[in-house]
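Each chain gets a letter, A, B and so on, in the order its sequence line appears, and its residues count up from 1.
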Number of protein chains: 4
Amino acid sequence: MTNAGTSRRRSIGAQRNPESQQAILKAAEAILMEDGLAGFSIEAVARRAHAGKPTIYRWWPSRAALLLDVYHHQKHVERVPDTGSLETDIIAFLTALFGYWRDGNAGAIFRSVIAEAQTDVKATDALRAYVLDRFSQSAEFVRRAQARGEAADWVSPELAIELLAGFAWNRLLTSRLDDNPEELQRLARQISLGLKG
Amino acid sequence: MTNAGTSRRRSIGAQRNPESQQAILKAAEAILMEDGLAGFSIEAVARRAHAGKPTIYRWWPSRAALLLDVYHHQKHVERVPDTGSLETDIIAFLTALFGYWRDGNAGAIFRSVIAEAQTDVKATDALRAYVLDRFSQSAEFVRRAQARGEAADWVSPELAIELLAGFAWNRLLTSRLDDNPEELQRLARQISLGLKG
Amino acid sequence: MTNAGTSRRRSIGAQRNPESQQAILKAAEAILMEDGLAGFSIEAVARRAHAGKPTIYRWWPSRAALLLDVYHHQKHVERVPDTGSLETDIIAFLTALFGYWRDGNAGAIFRSVIAEAQTDVKATDALRAYVLDRFSQSAEFVRRAQARGEAADWVSPELAIELLAGFAWNRLLTSRLDDNPEELQRLARQISLGLKG
Amino acid sequence: MTNAGTSRRRSIGAQRNPESQQAILKAAEAILMEDGLAGFSIEAVARRAHAGKPTIYRWWPSRAALLLDVYHHQKHVERVPDTGSLETDIIAFLTALFGYWRDGNAGAIFRSVIAEAQTDVKATDALRAYVLDRFSQSAEFVRRAQARGEAADWVSPELAIELLAGFAWNRLLTSRLDDNPEELQRLARQISLGLKG
DNA sequence: AGATAAGCGAGACGGTACGTCACGTCTTCAC
DNA sequence: GTGAAGACGTGACGTACCGTCTCGCTTATCT
């Protein structure tokens, strides 16, 4: 930080000031972490970041946009496990996702993004695009299982991931992220072998 | 309606006036249906119901409480299919749920409840209790399949339902309720037979 | 004051709270007195009066309306002198007006009202109506002079007052209110006798 | 205009660019004419003149300074009538002034200057200096009347002009510039002969 | 039967946040 | 160093809701 404490942040000419951008994202993240979505307002972010509201609105057209940007700036979890076996891949996938959401702020932030998407159409669209992209990435480990002959040809890798992700969303959105290893094992077994066993 | 148009609603003494209660719930539902969660405010409900704000606050302590009450007053879909076969039961379950959410207002209202639950802890608790109850009810058709020998003994009916419900939630929350029958069939097959086929 | 310091001002039901009204007018007056028109904002008045902005906007549709109201709540100067002689009446009229504007806040407030009237059409209309009314009231002493035979029949009392008032406005608006008794005497003489002497 | 439309205005080295200066003054005048003082902002002038804000602030330290400059660049009316008679000189003086203010933009601009002078002390000083200078110039026709023996020796030409100007200001500031010839005649008669006739 | 108590619509209250506008300052880059 | 350009922090704008309060009323229930 070049400006550490001594002087205020200023314009650096007719171009975006990355210090302001960082300060705003950090403030937004901190507020979400501390007070949740309820305390998250443009005004509060501006106050905490020592930024002007117009500066925020200049670069993020809405609360939802800022929220999504905060989420995207989170460190990402590896979502394509590769343990060599479908069943353990499933367990690894869910364990990593639950841990990611549980340990840092990512869970609280993602809950906020989902909530926002129920109000703001742009947020809905952005969230849909995001999850579809994620699903197709994560589906890779199922595709690998198919290549290994471990999964049937007729299964849809995306649909399989959607099933796992839907399960995880439900747990997240109802505050039930405490992962039970046996439960996950059972789930992985159910999914890989099917209800019919 | 006893008071049809001619006179205003009044107190009926030191007791809750059911007409007011009904008017408020109807107004709340109409607003959610027409404008979604974004337009849903106590102020707007009071305006539309020709009710005083204190009347609303007297009986519903928060926005979330009113929202949940609206949802509970919706007609419920039958969630325990019984077609005689596990695979068609799964299809029937999801088809009914998607249709229920898509056709009436129930989808918009449930999305609102979920969103509210991300902000309001009481709403989270209420939602969690609600879904756990629902899951255990719906799990009945999986239990029946087990009884028929159509599903393995070691599978958890609740977990199975949670998988289906999670899938449905994800579709609802990202506005992807347009149900594709083939997709549902494939999903049902995946779940019943497992990825390994 | 019934609420002296101990408790906050509250709603007294579905009716205007006169305490709030008074607090707002006093705050507005104090701000004008201390900081002039430059510091006069609805926000500042609300802050000082411990009132909500919507409360101000509820009762005064604009800055101009509040400004005029503040001016109208000033103590009024007697503008119809009656010394028995036209010339001394003129001197008394101007002396009183200058003194009124100079001594209290009235001058600063009236300057603000005039300035506002150059921006806001409603304020222009209100100011015009106000001055025309004032002129016709003040014209009384000229009418009395006519009745006494001290002024010619063909003179217009209103026009005469407008001449005096215009002179006073000019002095007020250019910060030249320091009254010079000899100058006023000369002016009174000029007006009563005419330039031709 | 040398640069008509084809290219942007640029620096012409370490000296003031008169094209920019002209463009800014023209833009300021046009805005005052079209939207009045309410629409007059440095931002709006910069936008309309395709000028940078710092360019404006470099040469005019405040809104008031720009306003006064715009006023000074107006074509001036001849304010020293010479009809040979005091009474018709008075009528000519007022008719010319009213016409000047009414016909072009000058009235709107001068109103703005006066309003600004109620907020900005520098503008007050500049306005006072300006009007005192004007008064002494215009007083010339009264002095001539004195030289002709048409006005008494003891009258103050400046005071007489101040009376006329004050009358005119009042009309300008309350949007009553519609000149009534008979009224002006009566006024001229009152002033020249005096109220006592 | 009269008093009491609570519910009702209404709407004002002090607040907070909204999204926009203009302020005056600052920096960049072309000339 | 001047020019256009435009980002910056600041703060006011006028509006929407928040949750609380009091009003004036209506009516069932309890003396």
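Look at A:R10 and you won't find any side-chain N or O under 4.0 angstrom from OP1 or OP2 of F:dA7. Taking 4.0 angstrom as the limit, A:W60 places none of its side-chain polar atoms (N or O) nearer than this to OP1 or OP2 of E:dG19. In terms of phosphate contacts, B:T55 brings a side-chain nitrogen or oxygen within less than 4.0 Å of OP1 or OP2 of E:dG9. Contact annotation: B:R9 reaches the phosphate of E:dG9 (side-chain N/O to OP1 or OP2, under 4.0 Å). Of the side-chain N and O atoms in B:R58, none sit less than 4.0 angstrom from OP1 or OP2 of E:dA6.
Residue side chain D:K53 reaches the base of E:dG24 through a donor-acceptor N/O pair under 3.5 Å, judged by distance alone. Donor-acceptor pairing under 3.5 Å, judged by distance alone, is absent between the side chain of C:S41 and the base of F:dA12. At a cut-off of 3.5 angstrom, the base of F:dG1 holds at least one donor-acceptor pair with the side chain of D:S11.
In the set E:dA10, E:dC13, E:dG9, the nucleotide with an atom closest to the side chain of B:P54 is E:dA10. Among E:dG9, F:dC8, E:dC8, the nucleotide with an atom closest to any side-chain atom of A:S20 is F:dC8.
Using cut-offs of 30° and 60° for the angle between ring planes, the C:Y71 and C:F110 rings count as parallel.
Annotation: ring-ring contact (aromatic ring centres under 6.0 Å, His included) contacts of B:Y57 (sequence neighbours excluded): none.
Under 4.0 Å is where a charged nitrogen must lie from a carboxylate oxygen, and between B:E34 and B:R48 at least one such pair does.
Protein atom OH of C:Y57 is 11 Å distant from nucleotide atom P of F:dA12, rounded to whole Å.
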